[in-house]
Amino acid sequence: MSDLDAFMDEGGTAPRIVRKECSTALSPSRLPGLDLALNPYTRCAHACTYCYAPYIMRVPPHQWGADIQAKVNIARLLSRELGRKRGVVGLGTVTDPYQPAEARLHLTRRCLEEMVHAGSSVSLLTKSDLVVRDIDLLKRMASAEVGITINTSIDSRAAVFEPGAPPPSKRLKAVRALVDAGIGTYVFLGPVIPTITDADLDGLISSLIETRVRSVMIDRLNLRPGMEERMRAAMSERSPSTLEEFLSMVDDDRFYEDIIAYLKRALADGGIVVSDAF
Ligand code: SF4
């Protein structure tokens, strides 16, 4: 039995992993700076309450963190497609390529190996420190850019809406490891969320400056249908004492304008180039 078969048979409390044979590895991408999209998994066990991907993938948002589909043949398809599809590959445009299953399945790692072989350029975004495992491959890419999402420096606040993701304390260490390895690294500071991002704003700013990252991209929370209700439920369960404050600010444009202006000034003072997302 292979590692993959053993992992899929384990069951337990983690989301079920479903084997999927895909017919294409690379698809065209319209995201800025990307030519192609590569997603080794469908759905995401990080299960962020504010995730926009279910709306793009037409999956009911409450099912997004369950029944993760692992595209078990993706690296083999990729090796064939890279010869005729050229450009910057966005790795993980509608999933996290380093969600928990990746620690055992190595689908993302196998894709990176193919891209190293083909001389490809890659840009990826993750919430997991598991990306550090693949620094050896990222250093060998023609060009590699890694974004790590961090919207608070307080682990307990991150857990309110990102129940399945590694805590920001680990992500900050990963940013530092990537920077020290010479990988092009940025922090995606988003979405900015009331009672989460502003819980210790100066602590977040100093933590980011300490990583020596040179680039931060900021985005506000953009509510989609049903999202506020799911966020309300998550906060009622995990942080009821801040629910009222959250609800008073979640729709307040002034909150987002002020906090983003403050972040931009303070991060720029720390020598970081700040940009708006997309
Ligand atoms: S890590 Fe990204 S893709 Fe995964 S649930 Fe969170 S926002 Fe969605």
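Order of listing sets the numbers, starting from 1, for every ligand and every atom in it.
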How about Arg157 and Ser239: does a side-chain donor come under 3.5 Å of a side-chain acceptor?
yes
Sorted by chain and number, protein N/O/S atoms nearer to atom 8 (Fe) of ligand 1 than 2.8 Å are Cys51 SG
For Arg171 and Thr149, the nearest pair of non-hydrogen atoms, with its separation, is NH1-O, 2.8 Å
shortest atom 7 (S) of ligand 1-to-protein heavy-atom contact is with Lys127 NZ, 3.3 Å
Exercise. Less than 4.0 Å between a side-chain N and a carboxylate O, is that true for Arg109 and Asp136?
Worked result: yes
TODO: State plainly whether the residues Arg176 and Asp180 are in salt-bridge range, i.e. N to O under 4.0 Å.
DONE: yes
Thinking salt bridges, do Glu102 and Arg133 make one under a 4.0 Å N-O criterion? yes
Under 3.5 Å, which donor-acceptor pairs link side chains of residues 214-227 to any protein atom two or more places apart or in another chain?
from, atom 1, to, atom 2, distance (Å)
Arg214, NH2, Gly271, O, 2.5
Arg220, NH1, Asp253, OD1, 2.9
Asn222, ND2, Arg220, O, 3.4

